[in-house]
2 protein chains.
Amino acid sequence: MKLHVSPDTFPPRGHEAKRISIVDAAAGVFCREGYAGANIDLIAVEAGVSRQTVYNHHGDKEKLFVAVVRDLTERCNTGIFATIATFPDQPKDLEADLIGFAVRLNQNCICNRDGKFLRKLIQTEGERYPELFAEWLEQGPGRTWPAIAARFARLAYGGYLAIEDPDVAARQFLGLVNAELQTTFMLGGTPREDEVLQSATNGVRTFLRAFGKRRSVASVEKQAALASA
Amino acid sequence: MKLHVSPDTFPPRGHEAKRISIVDAAAGVFCREGYAGANIDLIAVEAGVSRQTVYNHHGDKEKLFVAVVRDLTERCNTGIFATIATFPDQPKDLEADLIGFAVRLNQNCICNRDGKFLRKLIQTEGERYPELFAEWLEQGPGRTWPAIAARFARLAYGGYLAIEDPDVAARQFLGLVNAELQTTFMLGGTPREDEVLQSATNGVRTFLRAFGKRRSVASVEKQAALASA
DNA sequence: GACGAATTAGACAAGAGTGTCTAAATTTAT
DNA sequence: ATAAATTTAGACACTCTTGTCTAATTCGTC
């Protein structure tokens, strides 16, 4: 019935397709209901499989949960690194380019389904599985944050920015760019596109007011004086 | 046996004391285990009362949960407004004063027991009780953020800062000052005192680089030009 | 079309948690 | 000291969930 077009590749068929739909459904249910409240029957229904199939694939509830977190971390990481690759190394218009980067990062990695689910699971169950989330910390922020910091360092080295500590600058960049989305994130919502753009725009403007290169020499000296005082 | 020192006041005795210890214990258990995973027997044990007393005071699990959120919101609000009252309106040393304010805000309101619990409950159960958390949004951020923004507006009016939109500035201030604490918050941890100070120091420095008054007129004009472009 | 692997529905035991009830004990106020 | 209110321990019915098992069915492959 089905042509033998792409053996062993996408879109996954049969067995593998079920594994994925189970993990996807489980991610949604774990997020909505929390680990304790998540009902395996419900996961099975949402995945469109029988309960027994869930157990066949993943053993038990806890193993399923671990599989979900691992899957989400991996998929999010892929997205984040793909987006970091679009960081403006030699910007034509620094402000516009950084805003674009910030918006891409939010839309593709943080506000999408996987990002939202992963964030929620970490917030909700992080304390219950210290080893698992230590692994996430190492694989996730532990790899992505330095990668972003390195891009800012390069921008500074290229003379586009006046930053002292690229790691601090990277964290502050993310803090600024998401400053207006905090409440939405807290409540588990997804910000609208225009909210993301607005927050990114305001954040980048402030970031450049602080670190942009057109600042007077005097103010840089003042900064140094303050630091040494 | 007990002297009739302070009728009807603190420290609460008997009935009222039990109500408080139940809510306190419930807050801890709801946070650790999530709503579905929270066990009323465990809450009773941690509160040092019998299970029946929990039901006598609060009816059922859901009503108890609502009482917990309301209590935490109220207590946190009290702390935040008390801290906002210490905002430096006429700073001697703007940088030091703002750092002090940021540290106080974190230590007294965001990183303390109540703040941590409330944050976690909102993140965890926010979507399940829309009306309850709409109420929190209104009573919490809806009142505190404008109050902080007003203080920044006053600082700008007094010539200490060059900000255009006080609401944006307030959100960015909080974003910057907490930039280095995000991961800890995510995992439900409590940052160490020196981490709070470090993050606040770095955040305030950047904030003042962006909004401090000693910036050249030229850069302000450039900012205006960019905004109109 | 036929074979083996995977999936399904359903029943099932075991365990855990909620919320109620009762009778005894304790606290509090008078 | 006494009466009223509160608290307690324990038992209880009820529901829900997990994880296993079995027999029938469907699917993928040759």
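Below, read A as the first sequence line, B as the second, and so on, with proteins coming before strands; counting in each chain starts at 1.
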Next on the checklist: Once you measure the plane-to-plane angle for B:Trp136 and B:Phe133, does it fall in the parallel (<30°), tilted (30-60°) or perpendicular (>60°) bin?
Outcome noted: perpendicular
Checklist outcome for this item: Separation of C:dA5 atom P from A:Asn56 atom CG, nearest Å, is 14 Å
Checklist entry - What's the CD-C1' distance between A:Glu16 and D:dC27, to the nearest Å? => result 17 Å
Checklist entry - Pairs in or reaching into residues 171-201 of chain B: which pass ring pair (Phe, Tyr, Trp, His ring centres under 6.0 Å), with residues at least two apart or in two chains? => result B:Phe152-B:Phe173, B:Phe173-B:Phe207
Item to check | Rounded distance in Å - CG (A:Leu42) to C1' (D:dT18) | outcome: 15 Å
Next on the checklist: When the axes are fitted on five pairs at both termini, how much does the helix from C:dG1-D:dC30 to C:dT30-D:dA1 curve, in 10° steps?
Outcome noted: 40°
Checklist outcome for this item: Residue pairs meeting ring pair (Phe, Tyr, Trp, His ring centres under 6.0 Å), one or both in residues 97-121 of chain B, sequence neighbours left out, come to B:Phe87-B:Phe101
Checklist entry - Over how many whole Å does the gap from A:Lys63 atom NZ to D:dT18 atom P extend? => result 15 Å
Checklist entry - How does protein contact run along nucleotides 16-23 of chain C, one letter per nucleotide 5' to 3', with B for base contact, S for sugar-phosphate only, - for none, heavy atoms under 4.0 Å? => result -SSBBB--
Item to check | Donor-acceptor pair between A:Gln139 and A:Thr73 side chains, under 3.5 angstrom | outcome: no
Checklist entry - By salt bridge (Lys or Arg N to Asp or Glu O under 4.0 Å), which residues pair with A:Glu62, not counting sequence neighbours? => result none
Next on the checklist: Please give me the minimum heavy-atom distance between B:Gly126 and A:Leu187, naming the atom from each residue.
Outcome noted: CA-CD2, 4.3 Å
Next on the checklist: I'd like to know whether A:Leu121 forms a side-chain contact (heavy atoms from CB on, under 4.5 Å) with A:Phe65, so could you lay out the CA-CA distance, the side-chain angles of the two residues, the decisive distance to 0.1 Å, and finally the verdict.
Outcome noted: CA-CA 10 Å; A:Leu121 288 183; A:Phe65 179 74; 4.0 Å; yes
Checklist entry - Using a cut-off of less than 4.0 Å, is there contact between a side-chain N or O of A:Ser50 and OP1 or OP2 of C:dA9? => result no
Next on the checklist: Distance check needed: D:dA5 C1' versus B:His57 NE2, whole Å only.
Outcome noted: 12 Å
Checklist entry - Over how many whole Å does the gap from A:Lys18 atom NZ to D:dC27 atom P extend? => result 9 Å
Atom pairs and distances, donor-acceptor, side-chain atoms in residues 36-46 of chain A, under 3.5 Å, two or more places apart:
from, atom 1, to, atom 2, distance (Å)
A:Asn39, OD1, A:Asp41, N, 2.7
A:Asn39, OD1, A:Leu42, N, 3.4
A:Asp41, OD1, A:Arg51, NH1, 2.4
A:Asp41, OD2, A:Arg51, NH1, 3.2
A:Glu46, OE2, A:Arg32, NH2, 2.8

